[in-house]
Each structure stands twice: as structure tokens, then as C-alpha cells.
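FYI, the numbering just counts along the sequence from 1. In each ligand, atom 1 is the first atom listed, and ligand 1 is the first ligand listed.
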Amino acid sequence: MKVVFIGTAGSAIAPGHNLPSILVNDTILLDCGEGVARFLADRELIDYIEYILLTHFHGDHITGFIGLAWYYWLKGVKDKINLIGPRGTREKLGGILSLLSGNPEKIFERFNIIEVEPGKRVGSVFTAKASHSIPALAYRVEIEGKSLCYTGDTAYSEEIVKLAKECDLLIHEATYPPGMEKKARLDGHSTPVIAAKVARKAKVKTLALIHLPYFKLGENIREIYLKAAKEIFPETIIPREYDTVTL
Ligand SMILES: [Zn+2]
Ligand SMILES: [Zn+2]
């Protein structure tokens, strides 16, 4: 399984950092942060996307979908792209797409929209309820005996611990710095400490921290985040944009 981190920043873009988006095996997108269409077009991958998995409808996770949907509409696609998201996905995206076109249904024709209840699965994609300020899903993808779990935005969640059980790679958000666990929980977010505890409890192989607030706290937080997480879960990495992990 090949995992490319297209965007690793939380909440807003920052120098050298895009918003959350992860590409799996060149065909599956996890979230659609701004700039995804540009990334995929430059690498001639944009016509090969088969699945788009959206965790929730906060701007940092979906702004890239607009560019993608526009492209697929104009270009046309041979097979429909499977778009998986939480309940209300069609209505929410319809609202966004209606700003772009008088007939969003035409754009929707390019997609096979699948709204999933937390805990349900679609083929090799498993879901759990994330603990966030709006309805949000975490995903687990299993391919060729390898497994990846992506939390999207979430506070500590037992359901995510279960979802991530013994997976090869847990991509967990870490929005707040270590020491701000209480504030993080109240806002439906995590710190590197919380992410590391989830990784340890779920007995995953590797933990990757994303959704870091580079726009507010700058580049130096990498060191602080990594140290805090590694004290609890040594096999932690903080990927940079376009880093590739092969499982
Ligand atoms: Zn976010
Ligand atoms: Zn969010």
C-alpha cells in the first residue's frame, strides 16, 4: 500500500503546507484539502481516482473537492467516482456545487455518492464515529493485507481505538500542542499526547501525526509534537507534504 501525504496542515494553509488530503495507491483520496486537483493533475493521476472518502464538512477538508468536481464534470469520466461521506453528504455538496453551476445534479452524475452511518463498511472501507464538533467519520482502509486508519478531526475516541486496532498506519490528527488536552477535548480535537495514547492502545505499527496548526504556531512545533508523542508511542512520524510511506 502506497500512501502519499498531499496535505498535512490543520485548519488553514501555511508556507509549504497544504490542507488535509492523503492519496492511497494512486486511486483513493482521503479528504480533499485545497490544491488536491493541482497535485493530481501535475502527476497525471487525476483521471485515475476511484474513491474519495470525506471525513466531514469543515472547509479545510473539502475545499479541494470543488476543483476536482469541476474538472471531472468538464472532462467527463468513464466510470463514476465513488464518493463516500457521512450522512448528509449529497445535500452538503449540493449546496456547494449549486454556487458553481445552476445544475449541480449534472456534476453529481460523475459520482456514485455513498452516505455511510458510523460503524458500517463499504467493501474494504470501514468507518467509525469521530468525536468532533459536527458529524464526522474516521476511516479504515484494508488492501492486500495492509491497513491504514485515518481519523479526520477528532477528540479521543474509543470507537477510533477499535477501528484502528493493530493497523499498519494510524494517521491521527494533532491540532493542539501537548499540554492542551482539555481544550482539545472541548473543541473536538486532539494533541500529540492523545494521538499517541490511541496508537498505543490500538497497538498500531506506526503513528503519523497530521493536521498540525503550522499557520498559527509555525514550523518549530514539529519538534515539540514529535517529542511529546514519542514519549508515549516511539514509532511516531510527522510527515511533510508529498512524503510517501509504503506499507
Ligand atoms: Zn480540520
Ligand atoms: Zn473539523
Side-chain angles (χ1 to χ4, degrees), residues 3-24 29-37 39 52-68 83-89 91-93 95-96 115-118 127-140 148-157 159-160 163-164 170-178 180-195 198 207-219 221-222 225 229 238-241:
V3 182
V4 183
F5 293 88
I6 302 173
T8 70
S11 310
I13 54 167
H17 294 288
N18 300 321
L19 294 174
S21 197
I22 299 144
L23 181 64
V24 180
L29 270 178
L30 300 166
D31 274 341
C32 277
E34 187 182 332
V36 165
F39 173 91
I52 298 174
L53 278 49
L54 297 177
T55 58
H56 67 299
F57 291 93
H58 277 151
D60 46 335
H61 299 257
I62 56 157
T63 40
F65 178 75
I66 296 170
L68 273 184
L83 194 155
I84 300 176
R87 197 197 309 168
T89 291
E91 189 195 340
K92 291 267 195 316
L93 291 181
I96 297 166
E115 297 188 358
V116 190
E117 293 297 324
T127 70
K129 183 177 175 293
S131 179
H132 196 38
S133 53
I134 60 170
L137 291 175
Y139 290 104
R140 178 184 179 116
L148 164 157
C149 185
Y150 170 51
T151 63
D153 289 0
T154 190
Y156 179 86
S157 160
E159 286 165 63
I160 289 178
L163 183 77
L170 169 62
I171 303 169
H172 201 295
E173 74 116 290
T175 304
Y176 283 92
M180 291 189 70
E181 281 69 33
K182 196 174 167 198
K183 168 80 174 143
R185 182 167 51 83
L186 291 173
D187 280 359
H189 282 295
S190 298
T191 70
V193 172
I194 294 169
V198 172
L207 167 67
L209 300 179
I210 73 161
H211 206 273
L212 272 63
Y214 295 111
F215 78 109
K216 251 190 199 166
L217 302 177
E219 208 56 37
I221 53 171
R222 294 176 58 84
Y225 272 50
I238 300 183
R240 292 180 192 276
E241 267 60 15

- Message: Need one value: angle at the Zn ion (ligand 2), His58 atom ND1 versus His56 atom NE2, rounded to 10 degrees.
- Response: 100°

- Note on the structure: The NE2(His132)-the Zn ion (ligand 2)-OD2(Asp153) angle, to 10°, is 100°

- Message: Ignoring hydrogens and geometry beyond distance, is a side-chain donor-acceptor pair present between Glu159 and Ser157 at under 3.5 Å?
- Response: no

- From CA spacing to verdict: side chain to side chain donor-acceptor pair (under 3.5 Å), His189, His211: CA-CA 10 Å; His189 282 295; His211 206 273; 4.6 Å; no

- State the atom name: nearest N, O or S atom of His211 to the Zn ion (ligand 1). NE2

- Query: When you measure from the Zn ion (ligand 1) to each N, O or S atom of Asp60, which atom gives the shortest distance?
  - Reply: OD2

- Message: Has Glu115 got a side-chain atom pairing as donor or acceptor with Gly88's backbone, closer than 3.5 angstrom?
- Response: yes

- Query: Considering residues, nucleotides and ligands other than Ile13, do more than 12 of their heavy atoms fall under 6.0 Å from its CD1?
  - Reply: no

